[in-house]
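Before any comments, here is the structure.
All values below were derived from every heavy atom in this structure, side-chain atoms included, with hydrogens, water molecules and symmetry-related copies excluded. All chains are named by letter (A, B, ...) in the order of the sequence lines, taking the proteins before the strands, and each is independently numbered beginning at 1.
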Amino acid sequence: MRTITYAQGIKEALEEEMRRDPTVVLYGEDVAHFGGIFRITSGLQEEFGEERVFDTPISENAFVGAAVGAAITGLRPVVELQFADFLFTTGDEIILKAGMWRYVHGGAYKVPMVVRCPSGAAGVGPEHGQCPEAFFMHSPGLRIVSPATPADAKGLLKSAIRDDNPVLYFEHKLLYATKGEIPDDPDYLVPLGKAAIRQEGDALTLVAISAMVPKAMKVAERLAKEGHNIEVIDPRSLNPFDRPAIIESVKKTGKIVVAEESYKTLGVGAEIGAMLMEEALEYLDRPLRRVAMPDVPIPTAAALEQFVLPNEEKIYQACRELLN
Amino acid sequence: MRTITYAQGIKEALEEEMRRDPTVVLYGEDVAHFGGIFRITSGLQEEFGEERVFDTPISENAFVGAAVGAAITGLRPVVELQFADFLFTTGDEIILKAGMWRYVHGGAYKVPMVVRCPSGAAGVGPEHGQCPEAFFMHSPGLRIVSPATPADAKGLLKSAIRDDNPVLYFEHKLLYATKGEIPDDPDYLVPLGKAAIRQEGDALTLVAISAMVPKAMKVAERLAKEGHNIEVIDPRSLNPFDRPAIIESVKKTGKIVVAEESYKTLGVGAEIGAMLMEEALEYLDRPLRRVAMPDVPIPTAAALEQFVLPNEEKIYQACRELLN
Amino acid sequence: MDKKLKLDIYKKIVLSRRLEERIAELIKAGQVGGFMHPGVGQEALQVAAIATLRSDDYMLYAHRGVAYWVARGIPIQSVLCDLSGREGGTNRGKGGVMHVVSPELGVLGESGTLGGCFPIAAGAGMSIKVKHEDKVVLCFFGDGTSNRGTFHESLNFCAVRKLPVVFLCENNGWAVSVPTEQSTSVKDIADRRHGYGVPGKTFDGNDVEQVYDAVSEAVAHARAGNGPSLLEGKTYRLWGHWIGDPDTYRTREEVEKHWRRDPLPAYELKLMEEKVLTDAARAEIDKDARAQIDRAIAFMEKQPFMKGETALEDLYA
Amino acid sequence: MDKKLKLDIYKKIVLSRRLEERIAELIKAGQVGGFMHPGVGQEALQVAAIATLRSDDYMLYAHRGVAYWVARGIPIQSVLCDLSGREGGTNRGKGGVMHVVSPELGVLGESGTLGGCFPIAAGAGMSIKVKHEDKVVLCFFGDGTSNRGTFHESLNFCAVRKLPVVFLCENNGWAVSVPTEQSTSVKDIADRRHGYGVPGKTFDGNDVEQVYDAVSEAVAHARAGNGPSLLEGKTYRLWGHWIGDPDTYRTREEVEKHWRRDPLPAYELKLMEEKVLTDAARAEIDKDARAQIDRAIAFMEKQPFMKGETALEDLYA
Ligand SMILES: Cc1ncc(C[n+]2csc(CCOP(=O)(O)OP(=O)(O)O)c2C)c(N)n1
Ligand SMILES: Cc1ncc(C[n+]2csc(CCOP(=O)(O)OP(=O)(O)O)c2C)c(N)n1
Ligand SMILES: [Mg+2]
Ligand SMILES: [Mg+2]
């Protein structure tokens, strides 16, 4: 076991997969010489050369769409968007091209590509701070992952690169510097579609996504001290989505809180609620609680951002409400 | 009362509002001389001139984004997209510009604009046949309407044009030719955000959206003959969303089926399910049933399209299951 | 261009024309559905351009007609099965005639949203470059489509990375009901190359030799590692935008005028003058085309329809 | 340009420069947050261009610096309140310094996604035309941003509809760490006008008179109903991309070379030579700028922070 940061986990995954497979290429704005605005990719151009690691023009349509063209002709492109929000500038390329090229052409092609999307509110306002996973979870053909720990950041990115489908990989900006343990295994992979039970318990199920996971763990600790053993589930991947893990947990606990940084209406919590109403209604003894962004854009000023962001206290209160 | 088609309802709304308010302009591909590929706008250029009704280049980013620029400087643009699916080519313009321009600038501007989006599967495949309302329902700052009847097509479009917010107006292609009654009142408006109870009943709540409404009414008839009086709710507007109408109904019926043409995962039914789990859990005596598109793109071949599309029979079966 | 090549191009133009005529009949008779945009009048441009490619090159066709597939050698019976949603098509009922595909022939497919093709072409060019291959990508698009933002982003991207992509505009004067001069800020779309510092030219897209020469040159330029080109063939859409288009937006005189420039009889005449084609050969070729189509339709009609439940397949790899 | 105008431009350049220096100090000291992209070195271009506008014209600024707002007359204390999330700003804590706005002054706001500005500018142009006004829209953007698809779509849209929009590129040689020549397929971005058949030119963006003349001409062209122009001023970003940028991607020699072309001392010298400015006046102007800034900071510091719950306001009208 080693201790690494989340940012390092991403970088190691890129390095290892690029060494392993010459068809993996990496590009985006400022990723090559500068090493990316979040400095994840520094040194990669030196190691892999200008053809495999390069800077692009500010042309999100072209370079995200190009990943589809490259993927169907034999590469495994990894594209870095500077901010996850820029996915919206490439709606056609992501949703209708990456997500559907294989299907509309009757399975003739595989589309192995990864789009790295730095997500999360960090004082940068509504166009640089969203967690837009839920938009894309509604769209067929895409894989979606949102790692919360350094080990998952690495293991899921390696799996994403090896996957034959387009993967949106959401890396939360406020997690980059967080640390965690990771096995030494150079082929450490985390499978897509498998939730992690971060803590077992039977008092309540707390589903937490991405940066909400560390907050959820603190809430679990606090509640443990108060005598409530809650279960914390980190779905890690939103497509495929490990529905059974959540359903099984709720059958045991009868109570659920979902904590996420997406907008509340039709956020991931909506799907979880509806799914439970379909498949576990008789086990539910308390109402659903969704701790999410209210349905407003993310304001820039710190006080306003703090007001809208889900945080430890809000998650704690939601859990307490159900436990009372 | 007169009988008109849904297409006529749209056209009358455009004509009346353009006559009433000289700041209303209408544009899009082929809308002017040709009258639109669905022939909704024929004759409007003759009446209102080339400056207020015009054809655009095939430049969805420019002309949808231009609606935002025009709206904040005093016009009320109505933009026609040829297919609702093309919204994805304008993700930035719709979600980050139209939806957020007012908010990020602290309320300095109003953004009164309407984007008309012909939706719905009609043998035209995955990039011309979607009902993408749910994507945009997740996004703050937008109004979303999906009329199901000629009267609502007209009354909601007139309200949308008068509204000071950006409105995505989803007109279902297979409803264009349907007929219905409409009051003669030249100022007939249907308010945004008010659901219509299409049929009252207490056996079950059936929420149906857009083209699902006529199918739901047939199901209601059939069930009535079998002795079950169900309530059919047409939300009409998805933002604002008339949550109380659905909650009240479910408190009475204890059972709910949602019928929609969006993809199932995180479709509108997901929000409804989660909302009920939050606010009406104790009233629910049967699981939620969502009749929606399975999570695949819409295939082109008729047999495949029929297989995936929600239809009367699928809605009927879902209701029967809950009523048994 | 040697005689064999000329005859091959001619035959493919004839086969494309006859096939579209038959497809139009089938659609009008309600025998097949399908969202078909006919290419009648543009076949010379399409067939001659594709004739410049090597068998391992890539191409992205536009939404206009069947000639791209005929030219590249996709069996017409498969196209008909795609059109009618039957087994034996290229995309298993998923994409219909909008998404005919052939990985073996380098036919990458189509974007149903206009302009979606440009980034895909750029990406194929990128993979050629990374793999040090000497293939090229030929990307067709319409005059109206040249106004999409993806055009600009992709041209620039290919130019700065010197990717082997030939962008070929079929300027047929119209985008549905909107004439090119009303939607497009330049008379010659190839002039947009000045915004990207890439070579290119405008030529008569109804003239097989001009097309072949211009595209050959651009393909050679790309294959030699010198980057993209922007070409434009002037042509005309002789039929409506789709089968069933009321076509009320242009004058009959205008359409008539262009029928007199129909590339099929023009090329026929030229080949006759050059003695590449005789009257007898011409009749033979026509007969053969019709016979091929009859066989293909007979094949199609015997194929079962795709089963509904296959709708759930082919999404994830 | 008369003396008054020259002095006015000079004063605004000085005020902008001094203000950014102070903002950088405040940010580095952790006294304010904010996502600030400094414009040091580009103020001549920004201020002189805006000086050509009439008070009822519209403008869309880019993300680079404070000079746009200073030039247009937005009170600097409001900008500081936006920067620090306090009451008294222009956008009530919502958009920070990325979205400074003034409907009264025709400052329409900013798109945080690059290239989002172009369609907004086109739309403002459209409304001018429909309302038969004789206003114009001035739209700033960076060299890197000229590679977004919205640039192409909007230029074409404005060209075919003859909309009164002046597109002004601030070519500062870099987009974050990527030099323009590596991302952009033309040397002079104004050359892209050939793809749209619109007038325009490339000029020295650090030379106040060249900027003023070129933009005046384009504004007059637009105001007369003759449609858009595409202009490009060559300039240089003397500081990092953002405050805190390690700026490891360019050589110190390159940056040094451009400091010698800094438009502020250059314009100062010119105005002294022309006897528009004296040593005493210069000192006075500098002192006055600093005093204004001191007052504005004092104002800001007394303003309460915006209340958290106001986050829920201002979404719907
Ligand atoms: C993004 C997008 N906008 C609009 C359409 C609808 N549409 C299909 S074909 C067409 C006209 C295309 O014109 P052009 O590019 O000149 O090709 P042509 O049809 O003339 O061959 C339009 C508007 C579309 N498919 N995608
Ligand atoms: C669509 C989009 N892509 C990327 C970014 C991130 N970004 C902000 S500024 C910038 C560089 C812009 O370069 P340029 O247009 O030359 O302006 P400059 O910063 O040099 O003034 C980048 C890449 C963004 N905001 N929006
Ligand atoms: Mg055309
Ligand atoms: Mg720049």
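In terms of non-hydrogen atom pairs under 4.5 Å with chain A, the most contact-rich of C/Pro103, C/Ser102, C/Gly106, C/Cys158 is C/Pro103. The most heavy-atom pairs under 4.5 Å with chain A, out of C/Gly149, C/Gly95, C/Ala124, come from C/Ala124. Interface summary for chain A: among C/Gly89, C/Ser154, C/Gly116, C/Gly109, the most heavy-atom pairs under 4.5 angstrom belong to C/Gly109. With chain A as the partner, the residue from C/Glu110, C/His152, C/Glu313 showing the most heavy-atom pairs under 4.5 Å is C/Glu110. Comparing C/Arg92, C/Lys129, C/His99, C/Met126 by how many heavy-atom pairs each has under 4.5 Å with chain A, the most go to C/His99. Counting heavy-atom pairs under 4.5 Å between each of C/Asp82, C/Leu60, C/Thr150, C/Leu108 and chain A puts C/Leu108 at the top. Between chain C and the residues A/Met100, A/Lys110, A/Arg143, the largest count of heavy-atom pairs under 4.5 Å involves A/Arg143.
Of the two parts of C/Ala159, neither the backbone nor the side chain holds a non-hydrogen atom closer than 4.5 Å to a non-hydrogen atom of chain A. If you measure heavy-atom distances from C/Val160 to chain A, the contacts under 4.5 Å come from the side chain alone. Looking at C/Val165, neither its backbone nor its side chain comes within 4.5 Å of chain A, counting heavy atoms on both sides. Residue C/Lys135 does not touch chain A at all, counting heavy-atom pairs closer than 4.5 Å. Interface residue A/Glu50: backbone and side-chain heavy atoms are both found under 4.5 Å from chain C. Neither the backbone nor the side chain of C/Leu155 comes within contact range of chain A, judged by heavy atoms closer than 4.5 Å. For C/Thr90, the part lying under 4.5 angstrom from a heavy atom of chain A is the backbone only.
Between C/Asp134 and C/Arg54 there is a salt bridge, with a side-chain nitrogen of the basic residue lying less than 4.0 Å from a carboxylate oxygen of the acidic one. A/Glu271 has a carboxylate O that lies under 4.0 Å from a charged side-chain N of A/Arg243, or vice versa, which qualifies the two as a salt bridge. We find that A/Glu17 and A/Arg162 are joined by a salt bridge, their nearest charged nitrogen and carboxylate oxygen being less than 4.0 Å apart. In summary, A/Lys154 and A/Glu16 engage in a salt bridge, as defined by a charged side-chain N under 4.0 Å from a carboxylate O. A salt bridge does not link A/Asp234 with A/Lys194: every distance from a Lys NZ or Arg NE/NH1/NH2 to an Asp or Glu carboxylate oxygen is 4.0 Å or more.
The ring of C/Phe157 has its center no closer than 6.0 angstrom to the ring center of C/Phe118. Aromatic ring centroids of C/Phe167 and C/Tyr196 lie 6.0 Å or more apart.
C/Asn156 and A/Ser59 are not linked by any side-chain donor-acceptor pair at a separation below 3.5 angstrom, with hydrogens and angles left out of the test.
Annotation: cation-pi geometry satisfied between C/Arg86 and C/Phe305 (NZ/CZ under 6.0 angstrom from ring centroid, within 45° of ring axis).
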